[in-house]
Amino acid sequence: MFSASSATASASSAGTNPPRRPGISRLAASAVASGLVIAAALVGTGSAAADEAPQHQGGATAVLDGLKTYDRAVLHTDGKKQELAAGLFEMTVDGGGKLKTYCIDIHNPTQDQAKYLETPWNQTSLGANKNAGKIRWILQHSYPQIDDLAALAEQAGTGPLTEKTAAAGTQVAIWRYSDSADVDASDQQAEKLADWLGEHAEDVAEPKASLALDPAAVSGLSGERLGPVTVHTDAGQVSVTPPADSASGVKVTDKSGKPVTAAANGAELYFDVPAGAADGTASLTVQATTSVPVGRAFAGVTKSQTQILAGSSESTVSATATATWAKKGAIPAVTAKKNCAKGGVDVTASNEGDEAFTFELAGAEHTVEAGQTETVTVPVAEDQAYDFTITGPGGFTKTFKGVLDCKTTGSGTGGPDTQTVDQPAPATAGGSSTGTGGDLAETGSSSATPIIAGIAIALVVIGGGAVFFLRKRKASSAGQSTEG
């Protein structure tokens with residue numbers, strides 16, 4: 001009927017106003033997150049549809065290939081020196097394409113082959129970081145965006161730079177703003193580059209999503225055009241894939257009812273549902289091949305250090321929207337997204353039916369009148385994994401899952417595999433960088449991380465937690481809800 005998971009979490013405050021070489025000043029706290037279970041029954045009949053993918057506002061989805069271009073750095077914390085590998089990661093995009101990224105979460109580990117989603121800043125630690133714009137400036141004015149290393153070295157006054165030292169210097173400059181880290185590049189030229197980037201950085205606005213649909217879910221009566229769903233993209237054009245179930249007769253059209261197979265930024269799409277269609281659901285997908293804008297954040301589906309984009313090949317990006325319809329009654333559409341400002345997940349229920357929709361969530365009862373929308377924030381602990389499924393008419397299910405990773409976590413010990421400079425390094429620079437050993441381990445990566453996370457999830461699920469129900473109240477009591 002539903003599934004849920006959560007993991008042991010740690011949370012901390014992250015500084016966002018570093019001087020040239022900022023010291024770390026953090027309060028670290030750890031907490032065991034309670035189990036999160038959300039279930040829903042949207043009463044009705046119709047065709048079944050399911051969404052098992054992690055919640056995603058659209059854009060690129062990629063898998064982490066590891067740390068590829070890097071040199072050494074030293075992190076100063078609690079009077080200790082810890083040696084790190086610092087540089088560029090690479091990711092492979094689902095559907096085609098390559099990304100290059102830097103870490104913006106120095107103390108968190110990476111997971112081998114972790115899946116990442118293009119994510120708005122406000123759903124990561126960048127949302128509360130007043131220096132996030134300076135990080136984007138650094139990305140725009142250093143390697144690999146500036147690949148003429150002789151010109152970069154001359155402008156920054158560093159002396160000769162290699163790809164490795166340029167990547168290390170750039171990463172160090174980013175860490176000073178993303179994590180308020182007291183960190184130095186081991187190479188003298190890389191350190192000069194980090195200093196120059198930090199001193200000249202200016203605020204730059206967050207880049208727009210490579211591709212997104214808003215809203216991600218709509219609903220309405222049979223015989224209507226449901227929408228609009230607006231396309232947001234920096235690609236010149238996106239292809240539009242209609243619902244797979246052609247037997248339903250549902251088409252994707254513009255406002256006038258003309259079928260749409262391609263769209264541009266700002267286009268409005270509609271689900272054209274025939275009057276005789278059985279109650280049900282359908283989805284549309286838009287897709288494009290484009291370069292993802294530099295500065296987009298990438299958050300792990302599972303717990304893995306947050307990344308920021310430094311470069312992109314032509315890559316596949318996509319977004320999906322769903323529609324639910326019925327002949328009468330309450331016809332809700334439900335979506336969810338992280339809310340870092342409130343420390344939770346926003347569950348939004350809209351109702352385009354002809355009677356009120358009442359549901360219970362987090363122990364409180366809510367009513368969404370016909371034509372209205374209500375959002376309820378479900379508290380989730382920092383670093384907690386969540387996984388919940390909402391069920392609906394005729395077997396409809398929609399799953400939302402992810403990790404609330406809104407803060408940089410500084411425990412004073414670095415990542416679990418961070419080595420101090422007086423210890424032997426696991427590998428020399430240029431060693432393994434695939435996450436199975438070598439220098440990637442020194443950035444906090446650990447192949448044991450998924451196992452540890454799995455044990456934590458299992459323990460919390462066994463222990464149980466708050467149970468929230470989203471359901472339609474019987475018509476006889478529809479007018480007696482309590483707002484929470």
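Computed over heavy atoms, backbone and side chain alike; hydrogens, waters and symmetry mates excluded.
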So, for [X] and [Y], which heavy atoms are closest and what is the spacing to 0.1 Å?
X: L126; Y: A132; result: O-CB, 3.7 Å
X: G300; Y: Y116; result: N-CD2, 3.5 Å
X: A167; Y: L88; result: CB-N, 4.1 Å
X: T408; Y: D105; result: CA-OD1, 3.5 Å
X: A85; Y: W175; result: O-CH2, 3.7 Å

When rounded to the nearest 0.5 angstrom, what distance separates [atom1] in [X] from [atom2] in [Y]?
X: T289; Y: Q237; atom1: OG1; atom2: CD; result: 11.5 Å
X: I106; Y: T306; atom1: CD1; atom2: OG1; result: 13.0 Å
X: T158; Y: E191; atom1: OG1; atom2: CD; result: 11.5 Å
X: T110; Y: N108; atom1: OG1; atom2: CG; result: 10.0 Å
X: L193; Y: Q171; atom1: CG; atom2: CD; result: 12.0 Å
X: K407; Y: H107; atom1: NZ; atom2: NE2; result: 15.0 Å

Task: Lys/Arg-Asp/Glu bridge criterion (N-O < 4.0 Å) met for R72, E83 - done: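 Result for this pair is yes, salt bridge flagged.
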Task: Ion pair check, R176 and E199, cut-off under 4.0 Å - done: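 The answer is no: the pair does not qualify as a salt bridge.
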TODO: Output, in order, the C-alpha distance, side-chain angles, deciding distance and verdict of side chain to side chain contact (heavy atoms under 4.5 Å, CB included) for T233 and V286.
DONE: CA-CA 10 Å; T233 183; V286 295; over 6 Å; no
Between the side chains of [X] and [Y], does any donor sit under 3.5 Å from an acceptor?
X: Q111; Y: T302; value: yes
X: E314; Y: S291; value: yes
X: T375; Y: D346; value: no

Is the side chain of [X] donor-acceptor paired with the backbone N or O of [Y] at a distance under 3.5 Å, no angle test?
X: W121; Y: G295; answer: yes
X: N351; Y: V368; answer: yes
X: K338; Y: V403; answer: yes

- [ ] Could you label the plane-to-plane angle of the W196 and W137 rings as parallel, tilted or perpendicular, counting under 30° as parallel and over 60° as perpendicular?
- [x]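 W196 and W137: tilted rings.
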Task: Audit row: L139, I174, side chain to side chain contact (heavy atoms under 4.5 Å, CB included) steps and yes/no - done: CA-CA 8 Å; L139 293 167; I174 289 171; 3.7 Å; yes
- [ ] Kindly determine whether T92 and K98 satisfy side chain to side chain contact (heavy atoms under 4.5 Å, CB included), including the steps that lead there.
- [x] CA-CA 5 Å; T92 298; K98 288 285 188 179; 2.7 Å; yes
